[in-house]
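Notes follow once the structure below has been shown.
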Amino acid sequence: KVDSEGLQIEHLLRDIETLNHWALEGKLEITALSVHAYAQVTDRYALLPSGASMGDNYGPMVVAREPIEPAALKGMRIAVPGLLTSAYLALRLYQPDFQAEVVPFDRIMDAVTEGKVDAGLLIHEGQLTHTSAGLHTIVDLGVWWKGETGLPLPLGVNAVRRDLGPEVMAKAARVQEASIRYGLEHREEALAYALRFARDMDPKLADKFVGMYVNQRTLDLGDDGRQSIRLFLQRGFEAGLLKAAPQVDFVELG
(Lines give C-alpha, C1' and ligand atoms only; values in the text may rest on other atoms or scores of the structure.)
Protein backbone atom coordinates (compact mmCIF):
# COMPACT_ATOMS: atom_id res chain seq x y z
CA LYS A 1 0.00 0.00 0.00
CA VAL A 2 2.99 2.33 0.41
CA ASP A 3 6.42 2.72 -1.20
CA SER A 4 8.80 0.40 0.65
CA GLU A 5 11.82 2.24 -0.82
CA GLY A 6 13.34 -1.07 -1.89
CA LEU A 7 13.09 -2.74 1.52
CA GLN A 8 11.71 -6.26 1.72
CA ILE A 9 9.43 -6.72 4.73
CA GLU A 10 8.64 -10.07 6.34
CA HIS A 11 5.98 -9.94 9.06
CA LEU A 12 6.66 -12.15 12.09
CA LEU A 13 3.86 -12.34 14.65
CA ARG A 14 5.01 -13.09 18.21
CA ASP A 15 3.97 -12.09 21.71
CA ILE A 16 5.78 -9.10 23.16
CA GLU A 17 7.88 -11.01 25.69
CA THR A 18 9.23 -13.28 22.93
CA LEU A 19 10.16 -10.19 20.93
CA ASN A 20 11.80 -8.69 24.00
CA HIS A 21 14.06 -11.73 24.38
CA TRP A 22 14.78 -11.79 20.66
CA ALA A 23 15.88 -8.15 20.92
CA LEU A 24 18.44 -9.14 23.53
CA GLU A 25 19.92 -11.41 20.85
CA GLY A 26 19.58 -8.81 18.07
CA LYS A 27 17.59 -11.35 16.09
CA LEU A 28 15.43 -8.96 14.04
CA GLU A 29 16.41 -5.90 12.01
CA ILE A 30 13.22 -4.07 13.05
CA THR A 31 11.20 -5.13 16.04
CA ALA A 32 8.45 -4.13 18.38
CA LEU A 33 9.57 -4.38 21.97
CA SER A 34 8.74 -3.06 25.40
CA VAL A 35 10.22 0.24 26.54
CA HIS A 36 11.49 -1.68 29.58
CA ALA A 37 13.35 -4.15 27.35
CA TYR A 38 14.77 -1.35 25.23
CA ALA A 39 16.81 -0.23 28.24
CA GLN A 40 18.91 -3.39 27.79
CA VAL A 41 19.51 -3.09 24.04
CA THR A 42 20.28 0.59 23.49
CA ASP A 43 23.74 -0.31 22.18
CA ARG A 44 22.20 -2.48 19.46
CA TYR A 45 18.94 -0.69 18.58
CA ALA A 46 17.70 2.86 18.07
CA LEU A 47 14.06 3.82 18.53
CA LEU A 48 11.79 4.63 15.62
CA PRO A 49 9.60 7.72 16.12
CA SER A 50 6.49 5.84 14.97
CA GLY A 51 4.86 2.55 15.90
CA ALA A 52 4.69 3.13 19.65
CA SER A 53 1.79 2.39 21.99
CA MET A 54 1.19 4.83 24.81
CA GLY A 55 -1.44 4.74 27.54
CA ASP A 56 -2.76 8.27 27.97
CA ASN A 57 -4.55 8.10 31.35
CA TYR A 58 -5.22 4.39 30.83
CA GLY A 59 -3.00 1.37 30.50
CA PRO A 60 -2.07 -2.00 32.00
CA MET A 61 -4.08 -2.77 35.08
CA VAL A 62 -4.00 -5.05 38.07
CA VAL A 63 -7.20 -7.04 38.61
CA ALA A 64 -8.38 -9.42 41.32
CA ARG A 65 -11.34 -11.63 42.15
CA GLU A 66 -12.48 -9.33 44.96
CA PRO A 67 -12.35 -5.53 45.25
CA ILE A 68 -9.41 -4.62 47.47
CA GLU A 69 -7.46 -1.48 48.27
CA PRO A 70 -4.34 -0.99 46.10
CA ALA A 71 -2.16 -1.05 49.23
CA ALA A 72 -3.21 -4.67 49.73
CA LEU A 73 -1.16 -5.67 46.67
CA LYS A 74 1.96 -5.57 48.83
CA GLY A 75 3.36 -9.09 49.13
CA MET A 76 0.74 -10.64 46.85
CA ARG A 77 1.36 -13.22 44.14
CA ILE A 78 0.65 -11.34 40.92
CA ALA A 79 0.63 -12.90 37.46
CA VAL A 80 2.63 -10.75 35.03
CA PRO A 81 3.04 -11.10 31.24
CA GLY A 82 6.83 -11.00 31.34
CA LEU A 83 9.71 -9.56 33.34
CA LEU A 84 10.84 -7.37 30.43
CA THR A 85 7.45 -5.80 29.75
CA SER A 86 6.79 -2.14 30.45
CA ALA A 87 3.70 -3.15 32.42
CA TYR A 88 5.92 -5.10 34.82
CA LEU A 89 8.32 -2.18 35.28
CA ALA A 90 5.40 0.19 35.87
CA LEU A 91 3.96 -2.13 38.51
CA ARG A 92 7.34 -2.40 40.26
CA LEU A 93 7.53 1.40 40.34
CA TYR A 94 4.02 1.56 41.75
CA GLN A 95 4.40 -1.31 44.25
CA PRO A 96 7.95 -2.66 44.66
CA ASP A 97 6.96 -5.46 47.03
CA PHE A 98 5.08 -8.32 45.33
CA GLN A 99 5.76 -11.83 44.11
CA ALA A 100 5.77 -11.97 40.31
CA GLU A 101 4.65 -15.12 38.53
CA VAL A 102 5.16 -15.05 34.77
CA VAL A 103 2.07 -16.22 32.89
CA PRO A 104 1.34 -15.87 29.13
CA PHE A 105 -0.60 -12.63 28.71
CA ASP A 106 -3.68 -14.38 27.34
CA ARG A 107 -3.85 -16.75 30.33
CA ILE A 108 -3.59 -14.19 33.12
CA MET A 109 -7.32 -13.65 33.59
CA ASP A 110 -7.83 -17.40 33.83
CA ALA A 111 -5.05 -17.65 36.41
CA VAL A 112 -6.80 -15.03 38.53
CA THR A 113 -10.31 -16.46 38.22
CA GLU A 114 -9.03 -19.98 38.98
CA GLY A 115 -7.28 -18.75 42.12
CA LYS A 116 -3.80 -19.71 40.96
CA VAL A 117 -2.59 -16.20 41.83
CA ASP A 118 -3.89 -13.38 44.01
CA ALA A 119 -4.06 -10.82 41.20
CA GLY A 120 -3.08 -10.35 37.57
CA LEU A 121 -1.43 -7.63 35.50
CA LEU A 122 -3.41 -7.25 32.28
CA ILE A 123 -2.19 -5.98 28.94
CA HIS A 124 -4.01 -6.12 25.60
CA GLU A 125 -7.79 -6.43 25.41
CA GLY A 126 -8.17 -7.87 28.90
CA GLN A 127 -8.17 -4.25 30.03
CA LEU A 128 -11.62 -3.99 28.42
CA THR A 129 -13.05 -7.45 29.08
CA HIS A 130 -12.03 -8.40 32.63
CA THR A 131 -15.22 -7.13 34.28
CA SER A 132 -17.28 -9.55 32.18
CA ALA A 133 -15.22 -12.32 33.80
CA GLY A 134 -16.19 -11.03 37.23
CA LEU A 135 -12.83 -9.44 37.97
CA HIS A 136 -12.25 -6.08 39.64
CA THR A 137 -9.83 -3.30 38.71
CA ILE A 138 -7.44 -2.64 41.58
CA VAL A 139 -5.19 -0.09 39.92
CA ASP A 140 -4.85 1.29 36.39
CA LEU A 141 -1.15 2.03 35.93
CA GLY A 142 -1.80 4.46 33.10
CA VAL A 143 -4.00 6.55 35.37
CA TRP A 144 -1.38 6.36 38.13
CA TRP A 145 1.48 7.42 35.83
CA LYS A 146 -0.54 10.31 34.39
CA GLY A 147 -1.27 11.53 37.91
CA GLU A 148 2.39 11.20 38.88
CA THR A 149 3.93 12.85 35.84
CA GLY A 150 1.23 14.40 33.66
CA LEU A 151 2.55 12.23 30.82
CA PRO A 152 1.30 9.19 28.88
CA LEU A 153 2.64 5.83 30.04
CA PRO A 154 5.11 4.44 27.48
CA LEU A 155 4.48 0.77 26.76
CA GLY A 156 5.60 -0.58 23.40
CA VAL A 157 7.99 0.92 20.87
CA ASN A 158 9.54 -0.07 17.57
CA ALA A 159 13.29 -0.17 17.13
CA VAL A 160 15.74 -0.68 14.29
CA ARG A 161 19.14 -2.33 14.50
CA ARG A 162 22.03 0.10 14.36
CA ASP A 163 24.27 -2.10 12.24
CA LEU A 164 22.01 -1.44 9.23
CA GLY A 165 23.61 1.99 9.01
CA PRO A 166 22.06 5.49 9.05
CA GLU A 167 20.69 5.39 5.50
CA VAL A 168 18.75 2.14 5.91
CA MET A 169 17.63 3.09 9.42
CA ALA A 170 16.16 6.35 8.12
CA LYS A 171 14.54 4.49 5.23
CA ALA A 172 12.95 2.02 7.65
CA ALA A 173 11.63 4.93 9.72
CA ARG A 174 10.05 6.55 6.65
CA VAL A 175 8.44 3.34 5.42
CA GLN A 176 6.97 2.53 8.80
CA GLU A 177 5.62 6.05 9.23
CA ALA A 178 4.03 5.90 5.78
CA SER A 179 2.45 2.52 6.55
CA ILE A 180 0.97 3.72 9.83
CA ARG A 181 -0.29 6.90 8.20
CA TYR A 182 -2.02 4.83 5.51
CA GLY A 183 -3.61 2.64 8.19
CA LEU A 184 -4.93 5.60 10.15
CA GLU A 185 -6.32 7.17 6.97
CA HIS A 186 -7.97 3.88 5.89
CA ARG A 187 -9.18 2.67 9.27
CA GLU A 188 -11.78 0.12 8.15
CA GLU A 189 -9.40 -1.52 5.71
CA ALA A 190 -6.59 -1.55 8.27
CA LEU A 191 -8.82 -2.93 11.02
CA ALA A 192 -10.05 -5.73 8.77
CA TYR A 193 -6.41 -6.65 8.07
CA ALA A 194 -5.47 -6.49 11.75
CA LEU A 195 -8.37 -8.73 12.77
CA ARG A 196 -6.64 -11.60 10.94
CA PHE A 197 -4.16 -11.60 13.84
CA ALA A 198 -6.56 -10.77 16.69
CA ARG A 199 -7.27 -14.14 18.34
CA ASP A 200 -10.98 -14.14 17.34
CA MET A 201 -11.55 -10.75 18.95
CA ASP A 202 -14.99 -9.20 18.50
CA PRO A 203 -14.71 -6.48 15.79
CA LYS A 204 -16.35 -3.80 17.99
CA LEU A 205 -14.00 -4.62 20.85
CA ALA A 206 -11.04 -4.58 18.47
CA ASP A 207 -12.08 -1.19 17.12
CA LYS A 208 -12.23 0.24 20.65
CA PHE A 209 -8.90 -1.29 21.62
CA VAL A 210 -7.21 -0.04 18.45
CA GLY A 211 -8.54 3.45 19.18
CA MET A 212 -6.80 3.37 22.55
CA TYR A 213 -3.37 2.36 21.32
CA VAL A 214 -3.18 3.17 17.61
CA ASN A 215 -3.59 6.90 17.08
CA GLN A 216 -1.62 10.06 16.39
CA ARG A 217 0.94 9.08 19.04
CA THR A 218 1.55 5.92 17.00
CA LEU A 219 2.31 8.07 13.98
CA ASP A 220 4.76 10.11 16.03
CA LEU A 221 5.56 9.89 19.73
CA GLY A 222 5.59 13.64 20.12
CA ASP A 223 7.75 15.59 22.54
CA ASP A 224 5.82 14.42 25.60
CA GLY A 225 6.03 10.79 24.45
CA ARG A 226 9.79 11.04 24.07
CA GLN A 227 10.04 12.78 27.45
CA SER A 228 7.95 10.08 29.08
CA ILE A 229 10.13 7.25 27.76
CA ARG A 230 13.23 8.91 29.17
CA LEU A 231 11.55 9.63 32.52
CA PHE A 232 10.11 6.11 32.79
CA LEU A 233 13.52 4.52 32.35
CA GLN A 234 15.21 7.08 34.59
CA ARG A 235 12.69 6.24 37.34
CA GLY A 236 13.43 2.56 36.80
CA PHE A 237 17.15 3.19 37.23
CA GLU A 238 16.65 5.33 40.33
CA ALA A 239 14.51 2.57 41.86
CA GLY A 240 17.27 0.03 41.26
CA LEU A 241 15.22 -1.84 38.65
CA LEU A 242 17.61 -1.07 35.78
CA LYS A 243 21.37 -1.58 35.88
CA ALA A 244 22.10 1.70 34.10
CA ALA A 245 20.39 4.89 33.06
CA PRO A 246 19.99 4.24 29.33
CA GLN A 247 20.70 6.79 26.64
CA VAL A 248 17.55 6.99 24.53
CA ASP A 249 17.85 8.16 20.93
CA PHE A 250 15.47 8.22 17.99
CA VAL A 251 15.98 7.73 14.26
CA GLU A 252 15.16 10.80 12.17
CA LEU A 253 13.14 10.33 9.00
CA GLY A 254 15.77 12.14 6.98
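Sequence positions, counted from 1, serve as the residue numbers for this chain.
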Next item on the list: Would you confirm whether Glu189, through its side chain, and Gly183, through its main-chain N or O, come within 3.5 Å as a donor-acceptor pair?
Entry: no

Item checked: Side-chain ion pair, Asp224 and Arg217, N-O less than 4.0 Å -> yes

Note to self: Salt bridge or not between Arg77 and Glu101? Use side-chain N to carboxylate O under 4.0 Å.
What the structure shows: yes

Next item on the list: For Arg14, check side chain to side chain donor-acceptor pair (under 3.5 Å) against everything at least two apart and list the hits.
Entry: none

Check: Salt bridge between Glu25 and Lys27, side-chain N to carboxylate O under 4.0 Å?
Finding: no

Margin query: I want to check a possible cation-pi pair here: Arg92 against Phe98, using under 6.0 Å from ring centre and within 45° of the ring axis as the test.
Written below: yes

Check: So, the side chain of Asn20 versus the backbone of Ser34: is there a donor-acceptor pair under 3.5 Å, distance only?
Finding: yes

Note to self: Tell me whether Lys204 is salt-bridged to Asp207, with the criterion being a basic N under 4.0 Å from an acidic carboxylate O.
What the structure shows: no

Margin query: Out of the candidates Val139, Leu121, Leu122, only one should pair with Pro60 under the side chain to side chain contact (heavy atoms under 4.5 Å, CB included) rule; please name it.
Written below: Leu121

Notebook entry, point to check: Any cation-pi pair here, Arg226 with Phe250, using under 6.0 Å and within 45°?
Noted result: yes

Check: So, Ser50 versus Asp220: side-chain donor-acceptor pair below 3.5 Å or not?
Finding: no

Check: Atom CZ of Arg161 and atom CG of Asp163: how far apart are they, to the nearest 0.5 Å?
Finding: 4.0 Å

